Amino acid sequence: MLDINFIRQNSEQVKKGVAAKNIKPQLADDFLVLDKEWRELVKEVDNLRAEQKKFSEAREIEKAKELKNKIQLLDDKLKQVEIERHKILYKLPNLPLEDVPVGKNERDNVVLYEIGKKPEFDFQPKDYLELAEKLDLIDIERASKVSGSRFGYLKNQAALLEFALIKLALDTAILKGFTPIIPPVMIKEEMMKGMGYIDRYEDQDETYFLEKDKLYLVGTSEQSIGPMHSDEIFEEKELPKRYAAFSNCFRSEAGSYGKDTKGILRVHQFDKVEMFSFCLPEKSEEEHKLLLSIEEDLMQLLKLPYRALNICTGDLGGPAAKKYDIEVWLPGQNNGKGEYRETHSTSNCTDFQARRLNIRYRSQKLDVKGQGLEYIHTLNGTAFAIGRMLIAIIENYQQKDGSILIPEILQKYLGFSEIK
RNA sequence: GGAAGGUUGGCAGAGUGGUCUAAUGCGCCGCACUUGAAAUGCGGUUGAGGAGAAAUCCUCUCGGAGGUUCGAAUCCUCCACCUUCCGCCA
């Protein structure tokens, strides 16, 4: 949610930002019209109410009674306008930061740099699925029998590898001051809304909803961690508050029929270690860089070749003001010619989620009026999305004989150095 | 699943229809006293919104949403959450 006062005072800037995100800028005008109407009604109702109160205190019951009906009528109207105004406010996306490249879609994302040496093979590199099925690491067929399409069983060393990756991610994050945490994966509707999902029509279909219990399955633990501190007030010295969460993630992938249908690249259920930070507004860009650097550290520890992208305005999504993606090099894809695929994403959501979730901190700054309560900033970033990391390791560490070496850093967690 | 009891400001906790703009205590902030601190005394201390150049004024806010009433923390309805007991269960 955007700051209402900001929209009132900077409507042109808001329209520009909204348009850059491929959303109709007309929304901002619609809001301002309703907001004006709302303000007039509030004034009127407040004044009538004050009058009624006076009559009531003076026990002039008849006069108070008269006003009561009048107020009720106006108040009903006010409520209607309020609902409409609120709806639009929730539809307005977060505005991109100034240094975000303007663009229409993922083709306009800017590659920042490429790190790591792509593996060179003296043979035709294979697709991970072919390798994994031969080594009995992944079973798609039986998963499809049991659960349908877009599921997989991870078996044997692949299952063990998951735990090793989780441990590596947590160990790395803990060193940077993150609290390890395992959150609930079912959350209430209001919390899902607070995080800025499910308001935009394109996200509706992406989420699993348990009708009987009115609970949503999280698509990422971000949705469960953010609301943890809703309606809370931090002391300035408590910030930044950092979590490294391990959880299952559930995605219906309703909008992606026919896309990546094979294997475990795009599945309904996967596991992920996610980083989440609550921080001071003026520190969020620095924090964003920290999240990106941890993601890169993890990739470098695994010695996987990757590139970093600055995501353009049109590809940012609702809550993000700025986003970096990391794409790993997958040599077995694209018929053995290789291609980059997304494994990590980190977003700075500034105060957009905090405003909805009402998460603030008590500022020590003297120039802030009143109690000095200000909204904090929230950020999230992938540590490891396990399935895609398995794919990356299998394809990059494959050997001519179809065996797979284990990245050195993981060997201490596993006790073996290759899969064959 | 069954039964009972709860939810009040940063915290504890009083309040069952009208100065509740919520007692009291703790905490926090300021001032006084003090060489300094503690103790003590005095004052302040929920948040949100609207009007105004400002001083300031007004409205809302006692888990949430409705309702009764001239008037609701207080009465009624629904919902959420918490605690305890029984049942079931990893």
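Atoms considered below: every heavy atom in the structure, side chains included; atoms not considered: hydrogens, waters and symmetry mates. Treat the numbers as computed from the prediction; the structure is a model and nothing was measured. Note on naming: letters A, B, ... go to the chains in the order of the sequence lines (proteins, then strands), and numbering restarts at 1 for each one.
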What is the distance, to the nearest angstrom, from the CD1 atom on A:Ile233 to the C1' atom on B:U45? 13 Å
Distance in angstrom units between A:Met191 CE and B:A80 P, rounded: 15 Å
We want to know whether A:Glu285 and A:Asn348 form a side-chain donor-acceptor pair, criterion being a heavy-atom distance below 3.5 angstrom. no
How far, in whole Å, is B:U46 from B:C28 if one measures between their C1' atoms? 13 Å
Salt bridge present between A:Arg355 and A:Asp351 (N-O < 4.0 angstrom): yes
Which residues share a salt bridge (charged side-chain N to carboxylate O under 4.0 Å, His left out) with A:Glu37, sequence neighbours left out: none
I'd like the P distance from B:C60 over to B:G71, given in whole Å. 12 Å
From the set B:A51, B:G47, B:G49, return the single nucleotide nearest to any side-chain atom of A:Trp38. B:G49
Select base, sugar-phosphate, or nothing to describe what A:Arg355 touches, counting heavy atoms under 4.0 Å on all strands. nothing
How far, in whole Å, is B:U74 from B:G67 if one measures between their C1' atoms? 15 Å
P gap between B:A80 and B:G64, integer Å: 15 Å
P atoms of B:C26 and B:C78, separation to the nearest Å: 42 Å
Dot-bracket notation for RNA chain B is requested: 5' to 3', Watson-Crick or G-U wobble pairs only, both distances under 3.5 Å, with ( ), [ ], | and . as defined. ((((((((.[[[..)..(.....]]]((((((.......)))))).(((((....)))))..[[[[[..)....]]]]])))))))....
Apply side chain to side chain contact (heavy atoms under 4.5 Å, CB included) to A:Cys349 and A:Leu379, showing your working. CA-CA 6 Å; A:Cys349 296; A:Leu379 303 98; over 6 Å; no
Rounded to whole angstroms, how far apart are CG on A:Asp35 and P on B:G49? 12 Å
Find the distance A:Lys54:NZ to B:U19:P and express it as a whole number of Å. 17 Å
Sugar-phosphate or base contact per nucleotide [nucleotides 58-74 of chain B; S, B, -; heavy atom under 4.0 Å]: SSS--------BBS---
Length of the line joining A:Asp231:CG and B:G9:C1', which is rounded to integer Å: 14 Å
Pick the P atom in B:U8 and in B:U83, then give their distance to the nearest Å. 14 Å
Base, sugar-phosphate or nothing for A:Lys188? Non-hydrogen atoms, less than 4.0 Å. sugar-phosphate
Flag the pair A:Arg142 and A:Asp139 as a salt bridge only when some basic side-chain nitrogen lies within less than 4.0 angstrom of an acidic carboxylate oxygen. yes
Evaluate the ring planes of A:Phe278 and A:Phe234, with Trp represented by its six-membered ring, and classify them as parallel (under 30°), tilted (30 to 60°) or perpendicular (over 60°). tilted
Contacts of A:Asp35 meeting salt bridge (charged side-chain N to carboxylate O under 4.0 Å, His left out) (sequence neighbours excluded), chain-then-number -> A:Arg8, A:Arg39, A:Arg85
Answer yes or no on whether A:Arg356 is positioned over the face of A:Tyr90, meaning its NZ or CZ is under 6.0 Å from the six-membered ring centre and within 45° of the axis. yes
With sequence neighbours excluded, give me every ring-ring contact (aromatic ring centres under 6.0 Å, His included) pair touching residues 24-60 of chain A. none
A:Arg39 side chain N/O closer than 4.0 Å to the phosphate oxygens (OP1, OP2) of B:G52? no
Atom CD of A:Glu238 and atom P of B:G10 are separated, to the nearest Å, by 14 Å
Going by the rule ring-ring contact (aromatic ring centres under 6.0 Å, His included), which residues pair with A:Tyr128 if we only count those two or more places apart in sequence or in a different chain? none
Roughly, in whole Å, what's the span from CG in A:Asn358 to C1' in B:U46? 12 Å
Separation of atom NZ in A:Lys36 from atom P in B:G50, rounded to whole Å: 15 Å
Can you tell me how far P in B:A12 sits from the matching atom in B:G18, rounded to whole Å? 27 Å
How far does the C1' atom of B:A37 sit from the matching atom of B:A55, given to the nearest Å? 40 Å
